[in-house]
A.B. asks: 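This structure is in structure tokens; I'll ask about it shortly.
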Amino acid sequence: MISGQGDGCHSLMDAYDATTYGERIAGIYDDLHAERLDTDATVTLLAELAGDGPVLELGIGTGRVALPLAERGISVSGIDSSPAMVDLLRAKPGGERIDVTIGDFADVDVPGRYGLVFVCFNTIFGLLTQDDQVRCFENVARVLADDGVFVVEAFVAD
């Protein structure tokens, strides 16, 4: 249903912001796109780029990518705006060992420098404005090691 048609109905996007996405779908997230994602290939590439680490994942969510990276001995930290998603990460084996900061990854301040910062599976589009995306890139530049790599995995829009 579309807002503004005078029928009193609201669209699904009403009251949507960066904090609501994960909270609304946390319970089904791991199953939602499982068949469409090649997590093994993603983890292999990121592990090669990470070198000795450490790495920072923007939008770490339930740990689909972070946990397999950590299993390879890479030091992984993350940022996520959804406590519900991070609760699911924490409930998985090894999830309690990953340092996660709750907040908007466009703005949140994390300590340290990272050899790899990455954002997977279109999560960059959770930043709804160009200004948000620019702040994200500025934030990444601040924490990225001099020889570090920033990876954005996203579809190419038509």
A.B. asks: Indicate yes or no for a side-chain donor-acceptor contact from K92 to the backbone of T62 under 3.5 Å, with no hydrogens or angles considered.
C.D. replies: yes
A.B. asks: For the hydrophobic clusters of this structure (ILVMFWY residues joined by side-chain heavy atoms under 4.5 Å, transitively), does one cluster hold both L49 and V76?
C.D. replies: yes
A.B. asks: Could you go through the side chain to side chain contact (heavy atoms under 4.5 Å, CB included) check for R142 and D109 one step at a time?
C.D. replies: CA-CA 9 Å; R142 187 183 49 72; D109 188 26; 3.0 Å; yes
A.B. asks: Would you say E96 has more than 12 foreign heavy atoms packed within less than 6.0 Å of its CD?
C.D. replies: yes
A.B. asks: Considering non-hydrogen atoms only, spot the tightest contact between G61 and L89 and give its length.
C.D. replies: O-CB, 3.5 Å
A.B. asks: Are L69 and V149 connected in the hydrophobic side-chain network, where two residues link if heavy atoms are under 4.5 Å apart?
C.D. replies: yes
A.B. asks: What's the spacing between I74 CD1 and D52 CG if we round to 0.5 Å?
C.D. replies: 9.5 Å
A.B. asks: Treating Ile, Leu, Val, Met, Phe, Trp and Tyr as nodes and any side-chain heavy-atom pair under 4.5 angstrom as an edge, say whether L67 and I60 lie in one connected cluster.
C.D. replies: yes
A.B. asks: Answer whether the closest heavy-atom distance between the side chains of C120 and L46 falls below 4.5 Å.
C.D. replies: yes
A.B. asks: Using 0.5 Å steps for rounding, measure from the CD atom of E57 to the OG atom of S77.
C.D. replies: 11.0 Å
A.B. asks: Working to the nearest 0.5 angstrom, can you tell me the gap between L144 CG and F137 CZ?
C.D. replies: 11.5 Å
A.B. asks: Find the distance between CG (L116) and CD (E48) and round it off to the nearest 0.5 Å.
C.D. replies: 11.5 Å
A.B. asks: Give the cluster check for V140 versus Y114: same hydrophobic cluster or not, with ILVMFWY residues linked at side-chain heavy-atom distances below 4.5 Å.
C.D. replies: yes
A.B. asks: Tell me, with the steps shown, if D107 and N139 meet side chain to side chain contact (heavy atoms under 4.5 Å, CB included).
C.D. replies: CA-CA 7 Å; D107 297 313; N139 197 30; 5.9 Å; no
A.B. asks: Checking D80 side chain against V86 main chain: does a donor-acceptor pair fall under 3.5 Å?
C.D. replies: no
A.B. asks: From the options L58, D99, T101, select the one residue that forms a side chain to side chain contact (heavy atoms under 4.5 Å, CB included) with V110.
C.D. replies: T101
A.B. asks: For the atom pair CZ (R64) and OG1 (T42), what is the distance rounded to the nearest 0.5 Å?
C.D. replies: 6.0 Å
A.B. asks: Would you name the heavy atoms of I98 and A70 that are closest together and state the gap between them?
C.D. replies: CD1-CB, 4.3 Å
A.B. asks: Decide yes or no for V55 and V117: does some side-chain heavy atom of the first lie under 4.5 Å from some side-chain heavy atom of the second?
C.D. replies: no
A.B. asks: Between atom CD of E153 and atom CG of L45, what is the distance when rounded to the nearest 0.5 Å?
C.D. replies: 9.0 Å
A.B. asks: Under a 3.5 Å cutoff, is there a donor and acceptor pairing between the side chains of T44 and R72?
C.D. replies: yes
A.B. asks: Is any side-chain heavy atom of F105 closer than 4.5 Å to a side-chain heavy atom of V119?
C.D. replies: yes
A.B. asks: Under the salt bridge (charged side-chain N to carboxylate O under 4.0 Å, His left out) rule, what do D87 and R90 come out as? Steps first, then yes or no, please.
C.D. replies: CA-CA 5 Å; D87 286 346; R90 296 275 181 245; over 6 Å; no
A.B. asks: Would you say V143 ends up clustered with F150 if hydrophobic residues are merged whenever their side chains have heavy atoms under 4.5 Å apart, either directly or through other cluster members?
C.D. replies: yes
